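All of these numbers come straight from a predicted model, not from anything done at the bench. As the structure lists them, so they are numbered: ligands from 1, and atoms in each ligand from 1.
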Amino acid sequence: MGKLIINDVDVSGKRVLMRVDYNVPMEESNGQMVINDATRINETLPTLRHLIDRGARVILMAHLGRPDGKPEASMSLRPVGIALSEMLGRSVQFAEDCIGEAVEKQVNSLQNGEVLLLENVRFYREEEANDLAFSEKLAQLGDVYVNDAFGAAHRAHASTVGVPAVIAKRGGKCAGGLLMERELKFLGDELENPARPFVVILGGAKVSDKIKVIDRLLEKADVILIGGAMAYTFKLADGVHVGKSLVEPDKTEVAKAAVSKAQQRGVTFLIPTDNLIADPVDTGRKNKKGRAIFDLQNPRINTARDIPELSEGVDIGPATAAAFAVEIAQAKTILWNGPMGIFEDPRFAEGTFAVAKAVVDATQNNGAKSIIGGGDSVKALNVAGLGGKVTFMSTGGGASLEFLEGKELPGVVVLGNS
Ligand code: AMP
């Protein structure tokens, strides 16, 4: 049984209270907050157009930043409303608050097809506390609840869980939006019975962040490719010297268990055979948190088993990238989460870009289904100019990971069933 999606809900003339993820990166410029990247707003347009075309009265609910439960001018959603209006090509009204009489008045004067954006729900401490009274006040604004904020669905807050619970209790429908539908389809259904070979590529900083994902995918994947700093914990578990590489020495047992599970299940499990390494040199400067800033000097390829004592691994090497590309070229389903190195520095981005290119080639040339599990891999694909050339890029970070771990997301559980 799937989740109820807006396609199956009659929204005409109804007040549709919709949770969206408009937590966009912003920057102050000449005393004004300017949006740096409007992708998250863009992603909601199909659902909004669907609702508008069907004569819904749309009330949008979102959070921005971490205002600590009180109004904070730099975290107002007003600039988001202006951007949304431009992107939609129609006027979007803005409410100075998200609850209260004035807001209710504004909501009740909406005409069919009109859109109103509420002010940041996190201006109230009650949002993150999932407070019942606050949820009831918000729920008063809608007849139907829609959640199109996959990226916030792992949090049990008022706008993601409390409000739909109140609306469902009084008999109102609670449905996923079209973006939510796509996220559940690609990160859920498509990976449940993947076309084989199913190749999983995992990278990023820590084994501890992704071990549950590794564990679950070991049950499903044919091939698992490990890159990023995470790989050094696997190497350490194998008795390899990793120098100054980012590692989690207390996770070597976990890494060993994953490797042995892979062997038992016949899963091909590859870690890098060569690495790009560099020497961290203290610059004498400190970052905002007071930590020493290191400059990574003298990048070079290391093909030896051990990494020199004073060096650190910063990317996979070319032989590893080529070996990974061979596996990726044979895939019919690909899931990728996490960069292969410190890709934010162009000197250390080659391995990540090589994997990105292999994933795109497999998608375009072999008809492989490629699913990018959110966060930094999406960023890396975009930096490589390859965004949009894969089958699906998740909009979630933490939510995608939790979903891939097999956890039920509270903001999804609370939606009605189809
Ligand atoms: P995650 O959020 O776990 O996917 O981790 C992403 C971060 O891992 C990025 O900021 C990368 O710079 C970082 N990362 C990847 N490889 C390495 C590495 N070899 N050493 C240090 N950090 C890395």
Side-chain angles (χ1 to χ4, degrees), residues 25 151 154 187 200-215 217 224-237 240-249 251 254-255 258 270-281 287 289 291-302 306-308 310-318 320-321 324 335-356 359 371-384 393-405:
H154 58 317
L187 294 183
V200 174
I201 312 155
L202 291 172
K206 291 183 178 165
V207 170
S208 52
D209 285 346
K210 299 199 180 154
I211 189 61
K212 287 196 195 127
V213 176
I214 297 176
D215 213 43
L217 291 172
I224 296 192
L225 309 174
I226 302 278
M230 199 172 22
Y232 303 112
T233 301
F234 282 93
K235 279 180 178 283
L236 197 65
V240 173
H241 293 285
V242 295
K244 296 217 171 299
S245 304
L246 183 62
V247 277
E248 294 172 282
K251 290 290 173 294
V254 164
L270 301 185
I271 61 171
T273 52
D274 63 341
N275 294 279
L276 184 68
I277 59 170
D279 303 331
V281 177
N287 69 11
K289 289 183 180 160
R291 294 209 190 104
I293 299 178
F294 286 87
D295 192 16
L296 288 162
Q297 292 179 359
N298 189 21
R300 59 205 187 276
I301 304 295
N302 182 63
D306 292 325
I307 291 177
L310 297 179
S311 305
E312 86 173 71
V314 290
D315 193 7
I316 57 173
T320 302
F324 283 10
L335 172 70
W336 180 21
N337 182 294
M340 298 291 101
I342 310 177
F343 77 103
E344 296 91 338
D345 185 327
R347 297 175 299 163
F348 314 139
E350 236 169 83
T352 301
F353 288 177
V355 163
V359 171
I371 298 164
I372 314 301
D376 274 334
S377 352
V378 169
K379 235 186 259 168
L381 264 175
N382 286 330
V383 175
M393 295 202 286
S394 175
T395 55
S400 314
L401 268 189
E402 288 194 22
F403 198 59
L404 290 171
E405 284 171 8

Please report which non-hydrogen protein atom sits nearest to atom 22 (N) of ligand 1, along with the residue it belongs to and the distance in Å to one decimal place.
-> Ile342 CG1, 3.6 Å
Which residue owns the protein heavy atom closest to atom 19 (N) of ligand 1, what's the atom, and how far is it?
-> Gly313 O, 3.0 Å
Among non-hydrogen protein atoms, atom 8 (O) of ligand 1 lies closest to Ala205 N, 3.3 Å
Please write down residue, atom name and distance for the protein heavy atom closest to atom 9 (C) of ligand 1.
-> Glu344 OE2, 3.2 Å
Just wondering, are more than 12 heavy atoms of other shown residues or ligands nearer than 6.0 Å to CD in Glu405?
-> yes
Please confirm whether Gly228 comes within less than 3.5 Å of ligand 1 when only nitrogen or oxygen atoms on both sides are compared.
-> no
Which one holds for Lys210 and ligand 1: side chain close, backbone close, both close, or neither close, with close meaning a heavy atom under 4.0 Å?
-> side chain
Give a yes or no on whether the backbone of Ala278 and the side-chain of Lys244 come within a donor-acceptor separation of less than 3.5 Å.
-> no
Report the part of Asn337 (side chain from C-beta onward, or backbone N, CA, C, O) that has a heavy atom under 4.0 Å from ligand 1; answer both or neither where that applies.
-> neither
With distance as the sole criterion, is a donor-acceptor pair present between the side chains of Glu312 and Ser245 under 3.5 Å?
-> no
Purely on distance, is any nitrogen or oxygen of Lys206 under 3.5 Å from one on ligand 1?
-> no
Under 3.5 Å: N/O of Phe343 near N/O of ligand 1 = no
Taking the side chain from Asn287 and the backbone from Lys289, do they hold a donor-acceptor pair closer than 3.5 Å?
-> yes
Will you find, in the side chains of Asn337 and Ser377, an N or O donor that is under 3.5 Å from an N or O acceptor?
-> no
Atom 6 (C) of ligand 1 [closest protein heavy-atom partner, distance rounded to 0.1 Å] = Asp376 OD2, 3.0 Å
Hey, is Asp215 close enough to Lys212 for a salt bridge, meaning N to O under 4.0 Å?
-> no
Please confirm whether Ala229 comes within less than 3.5 Å of ligand 1 when only nitrogen or oxygen atoms on both sides are compared.
-> yes
Just distances here: any N/O of Tyr232 and N/O of ligand 1 closer than 3.5 Å?
-> no
Any donor-acceptor N/O pair, Lys210 side chain to Gly203 backbone, under 3.5 Å = yes
Sequence neighbours left out, what passes side chain to side chain contact (heavy atoms under 4.5 Å, CB included) with Asp279? Give chain and number order.
-> Asn298, Arg300, Ser311
Looking at Gly341, Pro272, Pro339, the heavy atom closest to atom 16 (N) of ligand 1 belongs to Gly341
When rounded to the nearest 0.5 angstrom, what distance separates OG in Ser394 from CD1 in Ile372?
-> 10.0 Å
